[in-house]
Peer 1: 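Structure provided below as structure tokens; questions to follow.
The figures that follow rest on heavy atoms only: side chains count, while hydrogens, waters and symmetry mates do not. In what follows, every chain begins at residue 1, and chains take the letters A, B, ... in the order their sequences are listed.
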Amino acid sequence: MLLAASLLGCTGRVERAGDAWLNRSQQDPALSGDGRLLAMISELRGRPTVLLRNENGSIQPVPQLRRHQPHSSPSLSWNGRYLALITQRGQRRLAIVLDRLNGRLHPLPLPGGRDPIRLSLAPDARKLALQVADQGQWRVEVLDLSEMLEPDRAAGAALTTPAIEESP
Amino acid sequence: MRHLFALMVLPFAIQGCAGPRPKPIPELNGLLRQSVSGRREPVLSQRWLVSLSQRGGRERVELIDLNSRRPVPLPGLNRADALPISVSLSADGERLAVVQQREERTELVLYRRNVGTLQRLPLEPPGVPRAVSLNGNGRRLAVQVSRGGRWDIDLIRLP
């Protein structure tokens, strides 16, 4: 039983995202902008690892990210082309962006050697917000990624010509 | 002479290999530091940044319009008896999903900005919500829920 679905009164329909048959714990949900892809953190061999769940319920690992656990704070762009998350490199935490189209990893080291705590990728992948610790306080800083990554816009958002209307 | 040439060229070669780098946005980041003693749990959409900001020892949901670089009012959301834990927003910034603690229980709520309404979203089977994510049109929601000592993720379709 992959999905346990039930009605949630008048507020909407609810279903379980998890692979109950594997009896794994799932945390840190992040939906893509189009809602078709869900990134989450699950324990694989005891290590918090990012997994992706498709709209049809199938769960897939991310081969490019098999190492550098624990993973945390996943974030997806609009169509799920980019997956941003926090990984472990030695003693440091490192934010990275994976381009799922070509498998390329973009590390995002922070100035001053600070460690990222949480992150959020803008749906079009033009900006990234990071939560960092700074002089004992949580701070949020925004990075411009527009020279690094191609945009990942909603279908139709980049159209420059109007759609053809059907005649009645 | 050859060594001197190599030393002159090397920095440019390294810079070329590094490729384009992420750029901080000093004006915006300076603004995000002002008037708050802390800020966490950021979520970006194209035009909006929502986060939990701390002022005067109290944490609240704050939505910033990245075009005007100003916070926008959220009437009815930041109640005095509510402590936000996690927040997410739709791409147009109209819908905010919040996990908050209120009256000794943790609840999931949906805030619609255009009408200023706050709707509690019950979890079935019951559980304790922790982290939430909305999709772009704000009609799909993923929430991390504690049930029987383990974390599940529920997907909820919203009208």
Peer 1: In sequence, state the C-alpha distance, the side-chain angles, and the governing distance for R139(A) and R33(B), and then conclude on side-chain contact (heavy atoms from CB on, under 4.5 Å).
Peer 2: CA-CA 7 Å; R139(A) 302 284 182 208; R33(B) 276 193 292 273; 3.8 Å; yes
Peer 1: Given heavy-atom pairs under 4.5 angstrom as the criterion, report whether the side chain, backbone, both or neither of D124(A) touches chain B.
Peer 2: both
Peer 1: Is the positively charged end of R113(B) above the ring of W48(B), judged by distance under 6.0 angstrom from the centroid and angle within 45° of the axis?
Peer 2: yes
Peer 1: Of the listed residues (R126(A), E147(A), R36(A), H106(A)), which shares the most heavy-atom pairs with chain B below a 4.5 Å separation?
Peer 2: E147(A)
Peer 1: Between the side chains of Q88(A) and Q69(A), is a donor N or O closer than 3.5 angstrom to an acceptor N or O?
Peer 2: no
Peer 1: Checking V145(B) against chain A: side chain, backbone, both or neither under 4.5 Å from a heavy atom?
Peer 2: neither
Peer 1: Could you go through residues 75-85 of chain A and list every donor-acceptor pair under 3.5 Å that involves a side-chain atom there, pairing it with any protein atom two or more places apart or in another chain?
Peer 2:
unit_1, atom_1, unit_2, atom_2, d
S75(A), OG, L121(A), N, 2.9
S77(A), OG, R81(A), N, 3.3
S77(A), OG, Y82(A), N, 3.0
S77(A), OG, D152(A), OD2, 2.6
N79(A), ND2, D152(A), OD1, 2.8
N79(A), ND2, R153(A), O, 2.7
R81(A), NE, D99(A), OD1, 2.9
R81(A), NE, D99(A), OD2, 3.4
R81(A), NH1, E150(A), OE1, 2.8
R81(A), NH2, D99(A), OD2, 2.8
R81(A), NH2, E150(A), OE1, 3.3
Y82(A), OH, E150(A), N, 3.1
Y82(A), OH, E150(A), O, 2.8

Peer 1: With a 4.5 angstrom heavy-atom cut-off, could you sort out which part of L110(B) is near chain A: side chain, backbone, both or neither?
Peer 2: neither
Peer 1: Sort L52(B) into side chain, backbone, both or neither according to what part of it lies under 4.5 angstrom from a heavy atom of chain A.
Peer 2: neither
Peer 1: With no hydrogens and no angle check, just 3.5 Å: does a side-chain donor-acceptor pair link R93(A) and S72(A)?
Peer 2: yes
Peer 1: Are D144(A) and K127(A) ion-paired here, with the side-chain N under 4.0 Å from a carboxylate O?
Peer 2: no
Peer 1: Side chain from CB out, backbone as N, CA, C, O: work out which of these in L28(B) comes under 4.5 Å of a heavy atom of chain A, or both, or neither.
Peer 2: side chain
Peer 1: Do I96(A) and R89(A) come within less than 4.5 Å of each other through their side chains, counting heavy atoms only?
Peer 2: yes
Peer 1: Measuring heavy-atom distances to chain B, does L128(A) have an atom under 4.5 Å in its side chain, in its backbone, in both, or in neither?
Peer 2: backbone
Peer 1: With a 4.5 Å cut-off on heavy-atom pairs, point out which of V142(A), L145(A), L149(A) contacts chain B the most.
Peer 2: V142(A)
Peer 1: Is I117(A) close to chain B through its backbone or its side chain, or both, or neither, when contacts mean heavy atoms under 4.5 Å?
Peer 2: neither
